Amino acid sequence: MPELPEVEVVRRTLGPEIAGRRILTVEVHRGDLREPVDEPSLQALSGRRFRPPDRRGKYLLLPDDRSGVLALHFGMSGRLTLVPEPVPREKHEHLAWHLEGEERLRYVDARRFGLVLALEEESWRRDPHFAHLGLEPLGEEWSPGSLRRRAEGRRAPVKSFLMNARVVVGVGNIYASEALHRAGIHPGRSVARIGAARWKTLAEAVREVLEEGIARGGTTLRDFVDGTGAPGRNRAHLAVYDREGEPCPRCSRPVRRRTQAGRSTFYCPGCQH
């Protein structure tokens, strides 16, 4: 599943290409995604021009010049790429925005767990998909204190806490595992047993692994590509995620895998406590 770095990479690679471009027509080939696509609201985008894209957590936001916002969540396998018009329609290409300049912006999603929403700029933050979202790890409000305050009264394992979108947005399985390894914190440790010094270390680790993931173009495990169709390079730099049995880069103990909340968690038993 694309996490914050992957969505941010798509935002940065698509932004210079689509900002100011007019949407000529919209095609909905298949609208039964995680939530049914509202085809009339998408068709109403024809004639509008995209403004520079934005992001909220794992949502990519494409505002237009008529106070609308096209919001996309990529689910497990969604991809948004810009291609020349002559490129044949790809398998699982469910939606396409045909732009001036003979290119089309296409949404491909093999598993159809993604979301495509046409919202209003003045109200999208109050939409149920966004109203509950928590701290942005790359935002100004991110700090050890803000993270620690969100943990008050909770006893959840710290990895589950980091992946709770009501607490922190954009941190999924890959980057939660990597941040906890960097901070030296066991993924099963209760947030009630983390002191102020370790909250500082963890807050810094979360931001660092996300920024490094962005700088390397994201993590491609299977489906992810950026807005131009290029895969990310971050997988080769992962310390523990999907590296069960391999030596920890810090202490050389074999990386272990455990199941937490139905998800695989990777950690080092030697240097994460």
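Owing to the predicted nature of the structure, the values given are computational and were not obtained by experimental measurement. In what follows, every heavy atom counts, from backbone to side chain, and hydrogens, waters and symmetry copies are set aside.
- The side-chain heavy atoms of Leu4 and Ile214, taken from C-beta on, include a pair separated by under 4.5 Å.
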- Task: Given side-chain contact (heavy atoms from CB on, under 4.5 Å), test Leu99 with Ile23 step by step and report yes or no.
- Result: CA-CA 5 Å; Leu99 308 182; Ile23 303 168; 3.9 Å; yes
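- Side-chain heavy-atom separations under 4.5 angstrom define the hydrophobic clusters, and the remaining members of the one that includes Val169 are Tyr59, Leu61, Val69, Leu115, Leu117, Leu119, Trp124, Phe130, Leu133.
- No donor-acceptor distance shorter than 3.5 angstrom exists from the side chain of Arg51 to the backbone of Ser67, with no hydrogens or angles considered.
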- With side-chain hydrogen bond (donor to acceptor under 3.5 Å, both in side chains) as the test, would you mind laying out the steps for Arg111 and Ser77 before giving the verdict? CA-CA 6 Å; Arg111 300 190 187 184; Ser77 59; 4.9 Å; no
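- The backbone N or O of Ala131 sits nowhere less than 3.5 Å from a side-chain atom of Arg126 that would complete a donor-acceptor pair.
- For the pair Arg189 and Leu180, the minimum side-chain heavy-atom distance is 4.5 Å or more.
- Counting heavy atoms from C-beta on, the side chains of Ser190 and Arg154 never come closer than 4.5 Å.
- Panel note: side chain Glu178, backbone Ala239; a donor-acceptor pair is recorded below 3.5 Å.
- A distance-only check finds a donor-acceptor pair linking the side chain of Glu6 to the backbone of Glu3 [under 3.5 Å].
- Judged by distance alone, with hydrogens and angles left aside, the side-chain atoms of Arg55 form a donor-acceptor pair with the main-chain N or O of Gly57 at under 3.5 Å.
- Within the 3.5 Å criterion, the main-chain N or O of Cys268 finds a donor-acceptor partner in the side chain of Gln272.
- Within the 4.5 Å cutoff, the side chain of Glu90 has heavy atoms near those of the Arg79 side chain.
- The closest side-chain heavy-atom distance from Tyr241 to His181 is not below 4.5 Å.
- More than 12 heavy-atom neighbours from other residues, nucleotides or ligands sit within 6.0 angstrom of CZ on Arg258.
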- Message: Let's go through His98 and Glu85 carefully: what are the C-alpha distance in whole Å and the side-chain angles of both, what is the deciding distance for side-chain hydrogen bond (donor to acceptor under 3.5 Å, both in side chains) to 0.1 Å, and is it a yes or a no?
- Response: CA-CA 8 Å; His98 298 268; Glu85 280 288 12; 2.6 Å; yes
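- Under the 3.5 Å distance criterion, the side-chain polar atoms of Glu102 are left unmatched by any main-chain donor or acceptor of Pro84.
- Qualifying ring pair (Phe, Tyr, Trp, His ring centres under 6.0 Å) partners for Phe224, counting only residues two or more places apart in sequence or in other chains: none.
- Using modelled atom types, no side-chain atom of Arg56 and backbone atom of Ala71 make a donor-acceptor pair closer than 3.5 Å.
- Using a 4.5 Å cut-off on side-chain heavy atoms (C-beta onward), His73 and His129 make no contact.
- Distance alone, capped at 3.5 Å, places no donor-acceptor pair between the Arg106 side chain and the Thr81 backbone.
- Between the side chain of Ser177 and the main chain of Asn173, a donor-acceptor pair closer than 3.5 Å is present.
- At a threshold of 4.5 Å between non-hydrogen side-chain atoms, the residues Tyr267 and Arg256 count as touching.
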